[in-house]
**Student:** 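Sharing a structure, written as structure tokens. Questions coming.
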4 protein chains.
Amino acid sequence: MAEKEKIVVQTSVKDESLIEIRRLQIVNGAVNLFKEKGFHRATTREIAKAAGFSIGTLYEYIRTKEDVLYLVSDHIYDKVKQQLAEINSDTGTVDELKEAIKQYFCLIDRMSDEFTIMYQETKSLSKEAMHYVFDKEFEMVRLFEGIIKNSLPSLRIELTEKEVFLTANHIVVQGQAWAFRKWAFKKRYTIEEYVEDQTKLILSGLLHFQDK
Amino acid sequence: MAEKEKIVVQTSVKDESLIEIRRLQIVNGAVNLFKEKGFHRATTREIAKAAGFSIGTLYEYIRTKEDVLYLVSDHIYDKVKQQLAEINSDTGTVDELKEAIKQYFCLIDRMSDEFTIMYQETKSLSKEAMHYVFDKEFEMVRLFEGIIKNSLPSLRIELTEKEVFLTANHIVVQGQAWAFRKWAFKKRYTIEEYVEDQTKLILSGLLHFQDK
Amino acid sequence: MAEKEKIVVQTSVKDESLIEIRRLQIVNGAVNLFKEKGFHRATTREIAKAAGFSIGTLYEYIRTKEDVLYLVSDHIYDKVKQQLAEINSDTGTVDELKEAIKQYFCLIDRMSDEFTIMYQETKSLSKEAMHYVFDKEFEMVRLFEGIIKNSLPSLRIELTEKEVFLTANHIVVQGQAWAFRKWAFKKRYTIEEYVEDQTKLILSGLLHFQDK
Amino acid sequence: MAEKEKIVVQTSVKDESLIEIRRLQIVNGAVNLFKEKGFHRATTREIAKAAGFSIGTLYEYIRTKEDVLYLVSDHIYDKVKQQLAEINSDTGTVDELKEAIKQYFCLIDRMSDEFTIMYQETKSLSKEAMHYVFDKEFEMVRLFEGIIKNSLPSLRIELTEKEVFLTANHIVVQGQAWAFRKWAFKKRYTIEEYVEDQTKLILSGLLHFQDK
DNA sequence: CATGAATGAGCCTTCATTCAT
DNA sequence: TATGAATGAAGGCTCATTCAT
């Protein structure tokens, strides 16, 4: 699970700490903007304004508009990874899996705008940047695969690689579904109920995979 | 489940059958194009060319570029509905549900480009058109809810409304996931294997929802 | 005052009487249309529709869109000339002048839309057609010059050529002013009052030109 | 005679003095261009070129092509007002009226292109802008009404409101006529002669309005 | 003669990017 | 470093005109 090299967004500014500050401004402004109008409909002028400075300055910290999308995607994944890292307590019990599912879904609920942006706009990235982002998604699947595998002994079941993958995939995808269709799901579900039912579904799937 | 009025894309051409023909050309051309560059990056000139005629002619059959996206979305949903209508043999057995899942997944496999476009670009539609498309997605969920409910007696199980919804939703969303991530899934799965395992997962979920 | 050759608008239709009918349809439709949106904003499709047939047919009777404007201008001037011809009773009295003024102003009141179109849009004609129209305007001035000259003996005054011209010009221009600014004038004047006061003004101008 | 609020043409440029400079460039370029081809036939690219910069820059100072026409109209009226303000010496003599007429006609002679454009193209403006321009024309009429009224006592004559209006209107309209038909008038008149004869005509009209 | 679908030049406008200050 | 005016390629769309039926 070797960490891929981050794609470096070039700047003409030297002061590293300033770069950090400005980019945070860019990302925060852009997330709000993209949420509202999407990447393509947002202009660089608007991005600059949302970030709190002029276009001239914006272009001191990015090279192309696409860099902003990359910056946003990257920032979101960093947040996700960091959040998920906190759960991984390595006890190897079902509760750990349950907890991971819960944390992941709650994270998505909190950051649903960001998730939506990422999945809707990723395609607009360059091939290179796009694969970097997709890879991050697969890391997430792999993360859940790990947690699931760890919990199998305590559940006294054996699953094929494929079945583990399918379950991990289920978790990740249903999480995304909540982000995308939140407004529709909310008519029937609170996030807590959704987590509860999804967890039941996932566990029963796990337990009875081989039945039929 | 009253059918919503179709949003009519205005034309300046009078010959109805010609409209049908040209729009099919537009949709087919556009799907290929959007697949490659996305809706925003595709120009109207390119769309016209892909359809096989001039921009002038393109604009005889649409009013705005957005209409093309709407046309594509609409076309896809029509196909899905038609496909699913064919299986609905109303036997009320599990086999019917299995068949429906299979048909749906295979349809998605065949039309994964179209599906991907729809979900990636829907957000670019006008509010009105966007909701029309989203509604169609929910129709699809409801369609599966119906099939699931029908199969419950033969399975001798009872489920809450929510549980039925969640399962139907699972089917629809995992189908979409195959469309989006086909290139990644294909490393591990053929569509047949995916259908088989998803079916197992769905059925075991159904059977054991109440277990825990 | 030799009549200039009419500029011939070419057709591909042979039947002369049909041409006459169709052109009248075109002119009538176009006047209403130009009144509302002006020449440039009116499309050929709209012109055809207003005329009561298809674009294809429209183009059987004209060669370019500009032809329509020329046809309209020509038609209006024909009407004006015909109307003014009716007054010229050659009695050589002041009453004849008064009557001519009255007829001219009333004509303009009745055809103010047509006049407005002509003066607003003439500039859009080709150089050739434009001069043809302008010449017609000068014919009108000359017409009044003739009437004024005729009335001078009975008024026992002598005027220079220039003064006659200036007065004739005054009549023509103030008539146009009524057409253009009808909506504003109407707040203060009925056409009858306007005619009365203008007549007074013109005659006193005539009588006392040499005073000061 | 409360000054109407100017319709503000929006800019994305902040430097006010630069806006002033660029707009003058736009107006000057546009006048030459419109003179030659009219508003509708002139393209925005041509306007930009005539102004001396790129379209991009043009659109930094206007919002739509129509704005250019509005800018031109506005500029002309400002000049007229300024010019007439300079004479208004409030002596209340006939000479003041004569001087005003002379100044107005000379101004029109100098700016006949601009005037022609204004009257030919005003109709192409939006309803709002069109009325703003028309109002300015009426301000001009009112301005002359004021000067005429002031001169009445010294002429020992009394006129009705309508007669004053008619005379003021005569001045304004005959001024415009000079602008429109300059090329034709010049065959017979120099501007000085035209002013002289028009002045005579106007004054004799004034003096003998009530005679008959 | 009449029709109307097809064409494509060309228009207005936007916006990512640059660069002098 | 920060600014924002300048640039022009490119995009969406219109509409006069043609021509096969």
**Student:** Who are the side-chain contact (heavy atoms from CB on, under 4.5 Å) partners of B:Thr116, not counting sequence neighbours?
**Tutor:**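 With sequence neighbours excluded, B:Thr116 shows a side-chain contact (heavy atoms from CB on, under 4.5 Å) to B:Gln120, B:Ala179, B:Phe180, given in chain and number order.
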**Student:** Choose from F:dG4, E:dT7, E:dC1 the nucleotide whose nearest atom is closest to any side-chain atom of C:Leu18.
**Tutor:**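 The closest nucleotide is E:dC1.
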**Student:** With sequence neighbours left out, write down each residue that passes salt bridge (Lys or Arg N to Asp or Glu O under 4.0 Å) with D:Arg41, or none if nothing qualifies.
**Tutor:**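 Partners of D:Arg41 by the salt bridge (Lys or Arg N to Asp or Glu O under 4.0 Å) criterion, ordered by chain and then number, come out as C:Glu66.
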**Student:** D:Glu20 has an atom CD; how far is it from atom P of F:dA5, in whole Å?
**Tutor:**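 Value for this atom pair: 15 Å.
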**Student:** Calculate the interatomic distance between C:Lys49 atom NZ and E:dT3 atom C1'; express it in whole Å.
**Tutor:**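 Between C1' of E:dT3 and NZ of C:Lys49: 15 Å.
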**Student:** Which nucleotides of nucleotides 14-21 of chain F have their base under 4.0 Å from a protein heavy atom (B), which only their sugar-phosphate (S), and which neither (-), written as one string 5' to 3'?
**Tutor:** BBBBB---
**Student:** If the condition is salt bridge (Lys or Arg N to Asp or Glu O under 4.0 Å), which residues does D:Asp113 pass it with, not counting sequence neighbours?
**Tutor:**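 Residues passing salt bridge (Lys or Arg N to Asp or Glu O under 4.0 Å) with D:Asp113: D:Lys35.
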**Student:** How do A:Ser12 and D:Arg22 order along DNA chain F: which one's closest nucleotide is nearer the 5' end?
**Tutor:**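 So the residue in question is A:Ser12.
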**Student:** Does B:Lys37 have more than 12 heavy atoms from other residues, nucleotides or ligands lying within 6.0 Å of its NZ?
**Tutor:**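 It does: B:Lys37 NZ has more than 12 such atoms within range.
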**Student:** Round to a whole Å and report the spacing from CG of B:Leu58 to P of F:dG11.
**Tutor:**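 Interatomic distance, CG of B:Leu58 to P of F:dG11: 15 Å.
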**Student:** Can you name the side-chain contact (heavy atoms from CB on, under 4.5 Å) partners of C:Leu24, sequence neighbours left out?
**Tutor:**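 Per chain and number, C:Leu24 pairs via side-chain contact (heavy atoms from CB on, under 4.5 Å) with C:Asn28, C:His75.
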**Student:** Please list, chain by chain and in numerical order, all residues satisfying salt bridge (Lys or Arg N to Asp or Glu O under 4.0 Å) with B:Glu36, sequence neighbours excluded.
**Tutor:**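 Checked B:Glu36 against salt bridge (Lys or Arg N to Asp or Glu O under 4.0 Å); zero matches.
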**Student:** Sequence neighbours left out, what passes salt bridge (Lys or Arg N to Asp or Glu O under 4.0 Å) with B:Lys49? Give chain and number order.
**Tutor:**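 If we apply the salt bridge (Lys or Arg N to Asp or Glu O under 4.0 Å) test to B:Lys49, skipping adjacent residues, there are no hits.
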**Student:** E:dA5 C1' sits how many Å from B:Phe53 CZ, rounded?
**Tutor:**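 After rounding, the gap between these two atoms is 11 Å.
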**Student:** Taking Watson-Crick and G-U wobble pairs with both distances under 3.5 Å, convert DNA chain F into its dot-bracket string, 5' to 3', dots for unpaired and | for cross-strand pairs.
**Tutor:** .||||||||||||||||||||
**Student:** Which residues satisfy the side-chain contact (heavy atoms from CB on, under 4.5 Å) test with B:Ile55, sequence neighbours excluded?
**Tutor:**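 With sequence neighbours excluded, B:Ile55 shows a side-chain contact (heavy atoms from CB on, under 4.5 Å) to B:Thr44, B:Arg45, B:Tyr59, given in chain and number order.
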**Student:** Nearest whole angstrom, please: distance from the P of E:dA5 to the CD of B:Glu16.
**Tutor:**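 Roughly 11 Å, once rounded to whole Å.
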